[in-house]
**Q** 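Sharing a structure below in structure tokens format, with a few things to ask.
What you see below is based on every heavy atom in this structure, not just the backbone, and it leaves out hydrogens, waters and symmetry mates. Worth saying up front: this structure is predicted, and the values here are computed from it rather than measured.
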Amino acid sequence: MTTTATTVTSPIKLLQEPENALVDIPAGDWRFDLRENGYAVIKGVIPLERALGYQREARQWLKSFGNDELDYENPETWVAKNLPVQSSINTFSSYAIAHEKFMWDARMELGVIDAFAKIWGTDELLASFDSLNITFPNRKDMPRKGAWQHVDQSPLRRGMHCVQGIISLSEAGPEDGGLVVYPGSHRLVDEYFETETDPSTWTSKDLYWFDQAKLEWFEKRGVRPHKVCAEIGDLIVWDSRTIHYGSEPTEASNTIRTVIYAALSPAKLASTETLERKAEVFGKYGGTTHWPHDNVVIRNYWAKLPDGSRDPRDREAPLQLPEMSDRLLKLAGVKPY
């Protein structure tokens, strides 16, 4: 049932938007796209040869589990028995993947850091300990799961609190798997929450799902889904209030999607408690959510098989540790700026 709640009163406390640099940006600048549309594609953030190098390392990592049968040229081998455990659709989050050297090298690319510095107006940033996504098109052992539209920000937050990112290590064309956004939805979610939901049901969890009935409210206001296209070495960024989901490849695609999720946000936004938790997770080579400065949960990071048991191939440390440089330790939240 639709509720009307145009104003929100105590005891609900709304968290206001932190400072950012998305003001007085002229049209033609990618930051204008991020502000107005809720997403942007930043071209050539990583030089092509280095991006292809990260792609090779990611795919070598996938074969490092003794998967001799996995052949990138043979679609018949793109099946679960030849792959490590995936935590969600085509995403690898366990096995200490978040802290493999190639993952940190990609996050620390100057173009990646510069992009987020331009969003937030500071280079004193924290990085998310995020996942690797390798999507094989037209897998024979997986049914299509359809869309799963959501935002990664609680109704209790107002304004832009987090900007997510995808480092593209493969082509992302119209038929390939990849990010689908609802441009402009970030500017409407507050109105939706306040007029179409009951504020007493809001939680601090930074996740809200939209089924088709809920999406119709946005569609009546001209909001439509858009498949984001990108090239190797591009960086896709989007406001966490923007409705989005990861689409699967169509039958016309033959591209093995390879991307690294990476988000950076100002270190000053993290509480002392969050930084302590983040340092503990880092010490265990664990992963986090898309949020760099919040939503850090200390949990069991085991790779679990379908029966709930721990994958005997699981790892408590990366195959190749990154260099623990001053810059990395600051991005990890272990060392203060």
**Q** May I have all residue pairs that pass salt bridge (Lys or Arg N to Asp or Glu O under 4.0 Å) and include part of residues 227-246, sequence neighbours excluded?
**A** K43-E231, K43-D234, D239-R241

**Q** Pairs in or reaching into residues 118-127: which pass side chain to side chain donor-acceptor pair (under 3.5 Å), with residues at least two apart or in two chains?
**A** D114-K118

**Q** Taking salt bridge (Lys or Arg N to Asp or Glu O under 4.0 Å) as the definition, give me every residue that meets it alongside D307, ordered by chain and number, with sequence neighbours left out.
**A** none

**Q** Taking only residues two or more places apart in sequence or in another chain, which ones pass salt bridge (Lys or Arg N to Asp or Glu O under 4.0 Å) with E17?
**A** none

**Q** Not counting sequence neighbours, which residues clear salt bridge (Lys or Arg N to Asp or Glu O under 4.0 Å) with E316? List them please.
**A** R310

**Q** Do any pairs count as a salt bridge (Lys or Arg N to Asp or Glu O under 4.0 Å) and have a residue in residues 22-32, sequence neighbours left out, and if so which ones?
**A** D29-R31

**Q** Considering only Ile, Leu, Val, Met, Phe, Trp and Tyr, and joining two whenever side-chain heavy atoms are under 4.5 Å apart, list the other residues clustered with W291.
**A** none

**Q** Would you please name every residue forming a side chain to side chain contact (heavy atoms under 4.5 Å, CB included) with P47, sequence neighbours left out?
**A** R50, E109

**Q** Which residues pass the side chain to side chain contact (heavy atoms under 4.5 Å, CB included) test with A80, not counting sequence neighbours?
**A** R139, D141

**Q** For Y245, which residues count as a side-chain hydrogen bond (donor to acceptor under 3.5 Å, both in side chains) partner, sequence neighbours excluded?
**A** none

**Q** Can you name the residues that form a side-chain hydrogen bond (donor to acceptor under 3.5 Å, both in side chains) with S154, not counting sequence neighbours?
**A** none

**Q** E73: which residues meet the side chain to side chain contact (heavy atoms under 4.5 Å, CB included) condition with it, sequence neighbours left out?
**A** D71

